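As the structure is a computational prediction, the values presented were derived from the model and not from experiment.
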Amino acid sequence: MAGGSSPSPATAPVQVRCAGCRDVLAVGSGMTEFICPKCRMAQRLPPQLMPKSTSSSSSSPPPKSPAKPSLPPPTQPRRGAPPAQGVDPTKIQLPCAHCQAVLNVPHGLARFRCPQCGVDLAVDHAKLQNFLASSNSAPPSGLTPASGPTTQAPPMPFVPILPPGVAQPLQLVAGATIPIVLPAEVPEEINEVAIDVEREEDEGGTVGETFTDYRPPKLSLGLPHPDPVVETSSLSAVQPPEPTYNLNIMAELDETKALSCLQIETIVYACQRHLHHLPTGDRAGFFIGDGAGVGKGRTIAGLIWENWQQGRHKAVWVSVGSDLKYDARRDLDDVGAKCVQVHPLNKLPYSKLDSKAIGIKNGVIFVTYSSLIASSERGRSRLQQLVQWCGHEFDGLLVFDECHKAKNLIPDAGSQPTRTGKAVLEIQEKLPEARVVYCSATGASEPRNLGYMVRLGLWGEGTSFHNFPQFLGALEKGGVGALELVAMDMKARGMYVCRTLSYKGADFDIVGASLEERMTNMYRKATEFWAELRLELLSASEFFAEEKGNSNQIWRLYWASHQRFFRHMCMSAKVPAVVRLAKEALAENKCVVIGLQSTGEARTEEAVTKYGVEMEDFVSGPRELLLKLVEENYPLPPKPDSFQQGEEKVTEIQRKRHSAPDVSFKGRVRKIAKVVDVSDDDTDDYSPYHESTESDEEFHMCQICNTEEEESLLLHCSGCSRHVHPSCLMPPWTGMMTDDWTCYTCKVVEDEEIEQDANVADFSKRYDAAVEKKLKILDIIRSLDLPNNPLDDIIDQLGGPDNVAEITGRRGMLIRASDGKGVVYQARNAKEVSMEMINMHEKQQFMDGKKLIAIISEAGSAGVSLHADRRAKNQRRRVHITLELPWSADRAIQQFGRTHRSNQTSAPQYRLLFTNLGGEKRFASIVAKRLESLGALTQGDRRAGPSLSAFNYDSNYGKKALTMMYRGIMEQDSFPVVPPGCSDDEASIQAFIDEAKAALISVGIIRDAVVCNGKDGGKLSGRIADSDMHDVARFLNRLLGLAPNIQNRLFDLFTSVLDVVLHNARIEGQLDSGIVDIKAKSIEMKESPKTVHTDSLSGALTVLFTFTIDRGITWESAKAMLEERQKDGAGSSNDGFYESRREWMGRRHFILALEGSTEGMYKIIRPAIGEALREMPSTELKSKYRKVSSIDKVSKGWQEEYDASSKQCMHGSKCKIGSYCTVGRRLQEVNILGGLILPVWGTIEKALAKQVRQIHKRIRVVRLVTTNDSPQRIVGLLIPNSAVQSVLTGLQWVQDIDG
């Protein structure tokens, strides 16, 4: 091509796109192999650019070795279709079914998108199998092109390197994208049914009851508990160690029958545990996790009495309230310990308890958690006082009752440990020999709240975890399954009991409270006002731009008030539903308990202070909150008075400084900020030396050099009256000596004074305008239609204080005036009952049936029993309505326990109220997260608590979903689902995006918002801070401040995206499912269990169990199930046998579908695995399967699958895990590591980390029940078959269990 002449066709270079970097290359004529000069990838020409004939038509033969091509001339770009792409010999070359482009497909990639036309593609597996089989037998072809087949499909581009015998090229077909990467060596055919089965097996499901009836498994002492007591099925699968301790008080208990068998069992295991020491040298502790009504108080009293009989006559009992000392006294009397004195520490001075003045030598010191952190004015603390009384060798009982009060010793990042948590830890450190008992039904709502339970020996010396952070990290990494193991582990080691009253008969319902029309309008107008208020504050705070700290404080208060305001609105929105439910319950001869957290007392008292004790209507909490926010925090410019005050101060200083009679002080100094100091000696030396004024007129002192000079030679300032030499000034004065000269200092002040005079008026106008704006905002707030305080509103609508018992912490209340006009504020104890006893009085009124409605708050209801007690006059069934869900699961459980206790005639009905506002689920989300964890940790099963898991959004999956949603709204990525209320067309989605952006801007999530110009003119743009992208809590908080319509659409979008995230996590084996139930028609133990570890402290064992299970359903059984269903007439027309629409390895899968309890949902029975753990929607059923009418066809296919699944998984003979795979396998060998797990945790983690399948790498807790004559329940870690040897090798020794 030298000389710029056009090359002849024979010598023209060929343009081709590199298969690696995709740059366009110019390949010389006759060259078939080349190396890209940029990415260095060796490749060859695609088939359409290969020479037509192998004979050389040119003078030069083709090169023998790969050569470098050159880049094409930049001035001659290729137009039209993109250049053909080079062929990467390390990949399979397949043509796109849509655009016919030949694509380099990596081995194992089954589904992908064409880079040329964007169509989703799938490999045609039937042809791929033949291709691979032929290519394996064909000789290697290297980089030289092989001759193609003799027969080719004319419309299809030539496929290179097709081996002999393949009559048709492979083809890619359009299909749905499923991200599955297969092994590089042998691409595996995708079996969609196998994917479904694998997901179902990984997800797991419940089997049997969540709870099982409880009786002490290894003790037969004492009488049964007076009420049915249950234990979760997970904990019941774990056996405690053998009891070896003999009670001293047993003979006495046999006579008095004061304690039940459950309480005696607890005392035995606690005393037995206290005989041991941890590797650290501290005495081991015990954890009583029994629920309300089991009798923890009397159990503690029994422990104290047992230790007293052993000669340990000192004990410390720490609890939540000083009133509970009366319960402690009662419990000690009940167990026969009347001689044991109870000393309330809060009534005693800070001096030594065993001194002559106080004289406490023994007994029980009853102390509250608040007293534990108290100290005197002299600095002596209660904790020091207790330690001194006990002594360092103290080996008596140290009981932490309601020990959840010590939580947050290890707080979340950014917060500080609580003083209570630190005090509980400190007293344990100072009393190493104390017999510690932790006692609470909600002792560990989160694993980090176990941090103060150092005497359990779960971490530290002699364990798998060096310290608590390492222990915490392992649990959080292991997920809920790991948390469930902790409870079981503690029980197996004899340090934990957890029984609860049976919830049989108790109903938990989530009741939706839709907003009424007036409330909807009220809410919408409130959101609009808050958005406008935010803009007003942004504008007003510009006056304080230099005071960043002040501005930050305003916004902290703004968002805190914003959340509190809409929380009040949500509560008020539920008032009509509460009143309706309460009246319905009363009509059904039941009584009502209404639970809430906040009473609004602070807002009420502020209103009474402002308006007096008589008002026209009940106080509106939201209005008072808004008024307070604006009145106290609305930014105003500096008040003009401050300038005048500053001016007067400066004038006074100057007047005193220049008080001589000849001073001519003409200037007026008004600037505050810049007062220039004058020399200290000017007024002293300026005083006249003689009484004659003549000398003063002729001579003056230079105020700079302090030399006397004739007045005519000195400059005299007309402002401050100073006299100075012209040469003493800096810079020296060179002008004329005039009478109206002004010194440099006064000149600056005068110039600023002129400017100040001009600005004072402006400042005054600004200030007046800002004050007027603030007053207008306050007027708007007063004119807003806002709801009343919910507590007062409910009491008023349900008949007033005469009909409603109020058990709260507030001191006063608003009641409607006798004439019905207005309301009056009065103290709650107006009826000759002391304030201290008012709650007890109100409780008794309710229990006696004089009032059939009770309203309780957290502050007033601690320890109160409101259940249908057999001893009470009011034995109506309780309907417990939660107007406001507590902030934490601890408080939720405590509140639920007010109406569900021992000795009740009926279990309560719980009604949990939520509005249809998406944002309100924020509050449910917090509690749901705690309840889920609480049930897992303290009861060994997440499902033990009330089911609120549907409202748990603040999780890792929730954070990922939020990020995906935000990216879609900011148009950085597409939505994974169609937004609610939108169709598939782009215009409706864009309209939603615009509305969502405006909404998120109004609540401060999208920042720096601007309106775009140019081609994106009119569009909103901005940014979301990185910290906000995954902050689910902030999203749900701010969501409350949006109008109901967009609020619900945004929330629905978030939950839809979350569903997609969870679905993908299931497919990828990443979803944490907690306990997975293994169920089959036959489960038998294959061989004797093997002991792999023995705990040195408790003797508890870690045991490896091996089971053989058969999950299949024979054809005869399946046919009988369908016939029985049809005979009963209970089925639907869609019941029957189905076959998969897609073939796999030339076969189809068969299932039996029977409609479940919910219309449109079907139970699926498969030949290999029996009934699936989840029901399938009809839409999914019909999209993946088709109904089969031929019984012979189904019979043959069913039997073939049943037989094949006995030895092979659903992935077929080429499964990447081989014989270790269990997906869809009928006959399986299952290995479960049961018993004690925590001591061998590290070994198990290492073994599982080496597994191929992602699901096998996770800690997975499973549960099964054997099907032999004596069923045995086993709960433990599932050890994949491929990992068993690694686990055994890591544990180093195996020992058969005797017998």
Side-chain angles (χ1 to χ4, degrees), residues 183 194 197-204 237 464-465 473-475 477-486 488-489 1066 1068-1078 1080 1083 1085-1094 1101-1109 1111 1207-1211 1215-1225 1227-1264 1274-1297:
V197 171
E198 185 173 348
R199 182 183 68 183
E200 291 166 6
E201 292 180 359
D202 291 345
E203 188 174 347
S464 295
F465 312 101
L475 292 195
K477 181 181 176 183
V480 177
L483 307 186
E484 290 165 340
L485 280 177
V486 174
M488 295 186 289
D489 213 77
R1066 285 191 189 98
E1068 295 164 8
Q1070 297 287 347
L1071 187 67
D1072 177 17
S1073 304
I1075 292 182
V1076 175
D1077 291 305
I1078 297 176
I1083 300 178
M1085 194 172 293
K1086 180 182 178 183
E1087 56 190 38
S1088 297
K1090 294 181 173 60
T1091 297
V1092 294
H1093 180 81
T1094 302
L1101 306 176
T1102 306
V1103 182
L1104 181 66
F1105 299 92
T1106 303
F1107 299 92
T1108 55
I1109 67 173
R1111 305 185 292 170
K1207 297 180 181 180
Q1208 188 172 299
C1209 70
M1210 271 190 164
H1211 298 124
C1215 178
K1216 57 190 173 184
I1217 305 180
S1219 61
Y1220 290 132
C1221 185
T1222 59
V1223 174
R1225 193 166 175 173
L1227 298 180
Q1228 291 186 20
E1229 188 174 287
V1230 174
N1231 302 283
I1232 297 178
L1233 199 64
L1236 211 56
I1237 301 298
L1238 288 182
V1240 296
W1241 187 277
T1243 301
I1244 297 167
E1245 274 194 321
K1246 289 177 184 176
L1248 296 185
K1250 301 173 185 175
Q1251 300 309 298
V1252 177
R1253 281 185 65 198
Q1254 191 66 37
I1255 190 67
H1256 288 168
K1257 294 183 179 182
R1258 284 199 294 109
I1259 298 287
R1260 301 177 68 216
V1261 184
V1262 296
R1263 175 172 53 201
L1264 58 75
I1274 303 294
V1275 180
L1277 288 185
L1278 179 66
I1279 306 296
N1281 295 340
S1282 55
V1284 170
Q1285 196 56 46
S1286 298
V1287 170
L1288 295 180
T1289 302
L1291 295 173
Q1292 295 180 344
W1293 64 280
V1294 178
Q1295 174 187 334
D1296 289 335
I1297 294 181

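Partners of Ser1286 under the side-chain hydrogen bond (donor to acceptor under 3.5 Å, both in side chains) rule, at least two apart in sequence or in another chain, do not exist in this structure. Considering only residues two or more places apart in sequence or on other chains, Lys1246 meets the side-chain hydrogen bond (donor to acceptor under 3.5 Å, both in side chains) condition with none of them. Under the rule for a side-chain contact (heavy atoms from CB on, under 4.5 Å), the partners of Ile1232 that lie at least two apart in sequence or sit in another chain are Phe1107, Val1230, Val1262, Leu1264, Ile1274.
Across Asn1281 and Glu1229, no two heavy atoms sit closer than the pair OD1-O, 3.1 Å. Pairing each heavy atom of Ala1080 with each of Ile1109, the nearest pair is CB-CB, 4.2 Å. The heavy-atom pair separating Phe465 from Ala474 by the smallest distance is CE2-CB, 3.5 Å. For the residue pair Ile1237 and Asp489, the shortest heavy atom distance occurs at N-OD1, 2.6 Å. Arg1225 approaches Arg1111 most closely through the heavy-atom pair O-NH2, 2.9 Å.
In this structure, Leu1101 CG and Thr1091 OG1 are separated by 5.0 Å, a value rounded to the nearest 0.5 Å. The line from OG1 of Thr1106 to CD of Glu1087 is 4.5 Å long, rounded to the nearest 0.5 Å. Rounding to the nearest 0.5 Å gives a distance of 5.0 Å between CD1 of Ile1244 and CG of Leu1277.
Looking at Val1092 and Val1240, their side chains never come closer than 4.5 Å, going by heavy atoms from C-beta outward. Using a 4.5 Å heavy-atom cutoff, the side chains of Leu1104 and Val1284 are in contact.
Side chain of Thr1102 to backbone of Leu1236: a donor-acceptor contact under 3.5 angstrom is found.
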